[in-house]
Amino acid sequence: MENNRSTFASKFGTIAAIAGSAVGLGNIWKFPYVAGENGGAAFLLIYIGITLLISIPVLLSEFAVGRHGQGNAFRSFVNLTGKKGWGAVGILELLGAIFVLASYCVIAGWSLEYIVQSVAGGFQGMTQAQMDAQFDGFVASGWRPIVWMVAFLIINAIVLGMGVTKGIERCSKFMIPALFCILVMLAGVNLWQPGFQEGAAFILKPNWSAVSGHTVLAALGQSFFSLSIGMAAMITYGSYIQRQESLNGVGVIVSLATVLMAILAGLAIFPSVFSYGIEPTKGADLVFKTLPPLFAELPGGYFISILFFILLFFAALTTSLSIMESLVAFFSEELHIKRVWALAIGFAIILISSTLCAMSQMPDSHILVGGETLFDWTDKFCSAYILPLGGLACVILVGWFVPHHVVEHELTSSGKTPLWIYKFIVFMMKYICPVVIIILLVNCILDYFGVDMIAALMSLIH
Ligand code: PFF
């Protein structure tokens with residue numbers, strides 16, 4: 001299908017932009033912790049296996065839909081199948097994109113506040129209790145997180161306003177290597193920490209006794225989230241991948257890059273945590289409460305704090321660009337309007353949803369869903385339901401409904417990749433991935449009702 005859509009201009013730019021989407025907050029504040037809790041290197045091995053066998057085929061199905069469909073997430077499905085009905089999958093993924101971005105932008109805004117605070121030298125000599133109070137007060141204040149979230153959205157808008165090649169690609173080509181260098185530097189500084197061995201062992205020493213059915217499900221969920229599957233981003237970016245690029249090659253490189261970044265993040269974070277005898281945690285508490293006073297104690301602590309929050313900001317920005325771009329492409333192509341107007345619509349939607357998310361964290365807020373703040377709910381709802389559903393629909397479409405010659409053309413880079421690799425990927429897409437994703441979905445649904453699927457299965461077997 002020939003047209004005049006934008007594309008990523010170079011191989012490195014393609015990989016940087018896609019890795020930029022994949023390497024996000026999840027890699028820095030969640031992946032290393034989940035790995036540590038689930039058997040360290042044992043988890044990493046399972047994670048890599050699952051990524052190669054399950055997640056990459058799903059990712060490739062999204063790339064193929066985008067590159068062959070040559071449109072936004074909705075249009076690509078319609079173009080590929082000739083049926084409007086399949087466009088519903090694209091709409092579902094775009095809704096997921098809005099949900100995930102709603103809380104993502106709020107957190108990214110926090111990283112901006114913390115860059116400013118670290119520049120002002122704010123964490124030197126602070127105790128853990130003071131840090132907790134400071135962060136809780138900041139989040140509860142409502143307006144300050146909103147101001148930073150708006151600033152973050154404006155930065156997104158500026159980059160996206162420059163277009164796919166000059167904006168997203170150029171920015172990612174700078175930020176992804178920068179992110180890598182910052183991680184190496186932070187991990188390097190931690191080498192001299194007394195808790196380095198313990199911290200490194202937490203994520204790198206295999207502990208097979210911690211491995212269970214839950215580990216496999218945790219690896220699967222983390223792998224899908226990490227590769228930005230099921231939320232329109234990879235379909236949209238897939239549509240910008242040039243014809244001569246190998247989708248398989250891009251998929252494998254990006255997946256390995258996310259694992260590498262997560263390991264480095266673990267080495268940058270946990271040695272400090274263990275040096276002070278603190279229990280490892282994940283999420284906002286880890287990066288905004290636990291770490292700042294610990295980093296301040298390190299040699300060059302002032303600069304380390306600044307670098308760490310810049311790292312978070314870069315990771316969040318390259319990821320949010322991919323999600324926001326999915327919305328911009330959708331509005332500009334479906335409403336036949338200029339990119340700048342599509343950007344304005346996307347901006348307005350995320351502004352409203354992120355403001356509601358930020359406000360839901362204020363004390364006595366009534367912006368709750370099922371007893372949870374909107375902020376927590378959007379994140380969980382997306383990861384648990386939209387992400388697997390979107391991925392499932394996409395992999396089924398490509399495995400079962402798209403003509404073989406189209407899939408072969410996309411996945412063998414017009415005959416360059418050995419046929420057995422293509423056949424293996426299609427086998428996984430057709431039979432294994434759907435079954436595995438359905439298991440993941442059932443587990444999430446049962447979990448909602450308080451039923452532990454693995455425990456229930458075990459008791460059935462015994
Ligand atoms: N891959 C991102 C992370 O690990 O933080 C999260 C994400 C981005 C999920 C984009 C889904 C998405 F569409």
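Scope of the values below: all heavy atoms of this structure, side chains included, with no hydrogens, waters or symmetry mates. Numbering of ligands and ligand atoms starts at 1, following listing order. In what follows, residues are counted from 1 in the order of the sequence shown.
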Would you say Phe225 and ligand 1 have an N/O pair spaced under 3.5 Å apart? yes

Could you give me the CA-CA distance, side-chain angles and deciding distance for Asp285 and Thr290, then say whether side chain to side chain donor-acceptor pair (under 3.5 Å) is met? CA-CA 6 Å; Asp285 281 359; Thr290 309; over 6 Å; no

Tell me whether the count of non-hydrogen atoms from other residues, nucleotides or ligands lying under 6.0 Å of CE in Met359 goes above 12. no

If we number the atoms of ligand 1 from 1 as shown, the ones under 4.0 Å from a heavy atom of Ser21 are 1 (N), 2 (C)

Looking at ligand 1, does any of its N/O atoms fall within less than 3.5 Å of an N/O of Ala22? yes

Taking 4.0 angstrom as the limit and counting only heavy atoms of Gly26, give me the atoms of ligand 1 inside it, by number and element. 3 (C), 4 (O), 5 (O)

Show which atoms of ligand 1 fall inside a sub-4.0 Å distance from at least one heavy-atom site of Ser226. 1 (N), 4 (O)

May I ask you to decide if the ring planes of Trp377 and Phe381 are parallel, tilted or perpendicular, using 30° and 60° as cut-offs? parallel

Show, in sequence, the C-alpha distance, side-chain angles and deciding distance for Ser21 and Ser228, and conclude whether the side chain to side chain donor-acceptor pair (under 3.5 Å) test is met. CA-CA 7 Å; Ser21 173; Ser228 307; 3.0 Å; yes

Is the closest basic N to carboxylate O distance between Glu333 and Arg339 below 4.0 Å? no

Is there a polar contact, in the sense of an N or O pair closer than 3.5 Å, between Ile229 and ligand 1? no

Give the ring-plane orientation class for Trp110 versus Phe135, where under 30° counts as parallel, over 60° as perpendicular and anything between as tilted. perpendicular

Report the relative orientation of the aromatic rings in Phe74 and Phe330; use parallel for angles under 30°, tilted for 30 to 60°, perpendicular for over 60°. perpendicular

Counting each atom of ligand 1 from 1 as listed, which ones have a heavy atom of Ile323 under 4.0 Å away? 8 (C), 10 (C)

In this structure, does ligand 1 have an atom that sits under 4.0 Å from one of the heavy atoms of Phe31? no

Does any N or O atom in Thr319 lie less than 3.5 angstrom from one in ligand 1, N or O only? no

Note: ligand 1 atoms sitting under 4.0 Å from heavy atoms of Ala233 are 13 (F)

